[in-house]
Amino acid sequence: MERKAILYAFLKYTYRAIEILLLLSIVGCIAFIGLNSHDSAEMITLLTAVFVLLMWLTQWWWLITIPIIIIVVASFIRCLIPPMSLYKKVVLSLHILIVVLLFLFYIILPKPVPCDAATMEKHYKEHQADMYDLVNYVNIALDDSCSIKLEYKYDEVRVFNIENKREYKKCKDIENQQELETALNIVGLSMQELNMIKEKMHKAGIIGINISNNPCWNKGRSVLQFRWSGGNLYQYYLYDYPITEEDKHNLFYPYILYNDSVVFEVQDDLSGRGFPDKDKYNSQHNTTIN
């Protein structure tokens, strides 16, 4: 009997420790993501991504996710059944804190700027000349067989990479101007040209570019990022030639073929929904949507 009592006590307090650590982990995860999200949609997207990542960590994902769900649900239900011990009150407080944090962050964080195919079409028509001016300027400024990838997210540099045939350089974290000038030289750019690229991006209403004149990589296709909306990135693909079936096959995310050389694409938040207005837009324009 004594051994059974010891075993029972061991299992009981081990379960309680797991329960408390799990709830504290959820609280910490929500707080961290909420504090680092720029809008409510991005927060939801990141929380969903954490859950999906947890499932992908192992082939037998259900051995992790199902027990977690059972523990959390059972923990909440048990806290509602009297009598209320000190331990139950602590656990119930953590459950309430999780709900309160989700509610507060959802209310406090700004709502995402909406975007859809109609918005992209309107922007393209208004800034078409500026967008192609940007692409032409970058292609002329770059040395042969070089590329630049410069992306902003909520006014912060997210990616800044340059590349030639022999060298690949990440420039995002370079703060010394002389060091940055040296890095830019590998693709034939100067600081003045980089600043002009940024000005032309601003004029075209573009937050990111991925442009290459390397014949082995994206030759004849320029990627212009338009807008973040929650966890979705909306961008334009501008081709120098009529799009082929092979080009369509190489598009991994939902897209709209606006014309024979322009594609609207959305890198969505794992939902696979694509453009929110795709059915309405297609009925009005009779375009190719994937």
Side-chain angles (χ1 to χ4, degrees), residues 115 117-152 158-169 171 184-190 192-228 233-267 274-275 278 281-282 285-290:
C115 190
T119 303
M120 293 191 70
E121 179 186 21
K122 181 175 182 293
H123 184 86
Y124 176 77
K125 288 180 177 179
E126 293 176 351
H127 296 274
Q128 180 178 353
D130 296 326
M131 293 165 72
Y132 282 100
D133 178 57
L134 167 64
V135 171
N136 292 334
Y137 182 84
V138 173
N139 278 319
I140 292 173
L142 288 173
D143 284 347
D144 291 339
S145 300
C146 294
S147 65
I148 179 172
K149 187 174 185 180
L150 176 60
E151 302 175 5
Y152 287 85
R158 180 171 176 260
V159 178
F160 183 15
N161 302 332
I162 53 178
E163 183 178 10
N164 61 20
K165 284 184 177 180
R166 301 174 301 277
E167 195 171 354
Y168 175 83
K169 190 80 173 177
C171 304
L184 290 173
N185 285 336
I186 73 172
V187 294
L189 289 178
S190 65
Q192 182 179 0
E193 288 172 323
L194 177 62
N195 291 332
M196 181 59 68
I197 290 173
K198 292 178 179 179
E199 288 181 16
K200 289 182 178 294
M201 287 174 61
H202 179 73
K203 185 179 180 182
I206 295 301
I207 62 170
I209 59 172
N210 185 0
I211 300 176
S212 170
N213 57 22
N214 189 328
C216 299
W217 181 252
N218 286 349
K219 181 64 175 178
R221 187 189 79 177
S222 301
V223 182
L224 305 186
Q225 296 179 351
F226 171 50
R227 178 180 295 174
W228 282 94
L233 174 61
Y234 294 82
Q235 56 189 12
Y236 300 97
Y237 282 9
L238 307 183
Y239 291 82
D240 294 342
Y241 56 86
I243 298 170
T244 64
E245 289 301 320
E246 182 181 358
D247 293 322
K248 296 178 186 178
H249 181 72
N250 291 330
L251 296 171
F252 299 104
Y253 295 95
Y255 69 86
I256 291 177
L257 184 61
Y258 178 67
N259 59 35
D260 64 353
S261 60
V262 177
V263 169
F264 302 164
E265 183 190 69
V266 52
Q267 294 185 7
F275 292 89
K278 60 182 179 182
Y281 187 86
N282 189 41
H285 298 77
N286 194 29
T287 54
T288 300
I289 297 180
N290 184 42

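Count residues from 1 along the sequence. Heavy-atom basis, side chains included; hydrogens, waters and symmetry copies ignored. Bear in mind that the values here come from a model prediction, so they are computed numbers and not experimental data.
- Taking the six-membered ring wherever Trp is involved, the centroid distance between the rings of Tyr258 and Tyr124 falls below 6.0 Å.
- Using a 4.5 Å cut-off on side-chain heavy atoms (C-beta onward), Leu194 and Leu184 make contact.
- Ion pair Lys125/Glu121 flagged as a salt bridge, since at least one NZ, NE, NH1 or NH2 atom sits closer than 4.0 Å to an Asp/Glu carboxylate oxygen.
- Smallest separation of non-hydrogen atoms from Arg221 and Leu251: NH1-CD2, 4.4 Å.
- The CG atom of Asp143 sits 11.0 Å away from the NZ atom of Lys165 when rounded to the nearest 0.5 Å.
- A salt bridge links Lys149 and Glu151; the closest N-O separation between the charged side-chain nitrogens and carboxylate oxygens is under 4.0 Å.
- In this structure, Asp133 contributes its side chain and Ala129 its backbone to no donor-acceptor pair below 3.5 Å.
- Once rounded to the nearest 0.5 Å, the distance linking CD of Glu126 with CE of Met131 reads 11.5 Å.
- Between Phe264 and Tyr255, the ring center distance fails the sub-6.0 Å criterion.
- Counting only distance, with no hydrogens or angles, the side chain of Asp247 and the backbone of Thr244 share a donor-acceptor pair below 3.5 Å.
- One finds the CD1 atom of Ile140 at 11.0 Å from the CG atom of Asn213 (value rounded to the nearest 0.5 Å).
- Shown here are the ring-ring contact (aromatic ring centres under 6.0 Å, His included) partners of Tyr237, two or more places apart in sequence or in another chain: there are none.
- Note that CD1 of Ile209 is 12.0 Å distant from NZ of Lys200, once rounded to the nearest 0.5 Å.
- Between the OG1 atom in Thr119 and the CZ atom in Arg227 there is a gap of 6.0 Å [rounded to 0.5 Å].
- Partners of Glu245 under the salt bridge (Lys or Arg N to Asp or Glu O under 4.0 Å) rule, at least two apart in sequence or in another chain, are Lys248.
- A donor-acceptor pair is defined here as one N or O able to donate and one able to accept, closer than 3.5 Å; such a pair exists between the side chain of Asn164 and the backbone of Ile186.
- In this structure, the side chains of Lys198 and Leu150 come closer than 4.5 Å at one or more pairs of heavy atoms.
- Rounded to the nearest 0.5 angstrom, Glu163 CD and Leu142 CG are separated by 11.5 Å.
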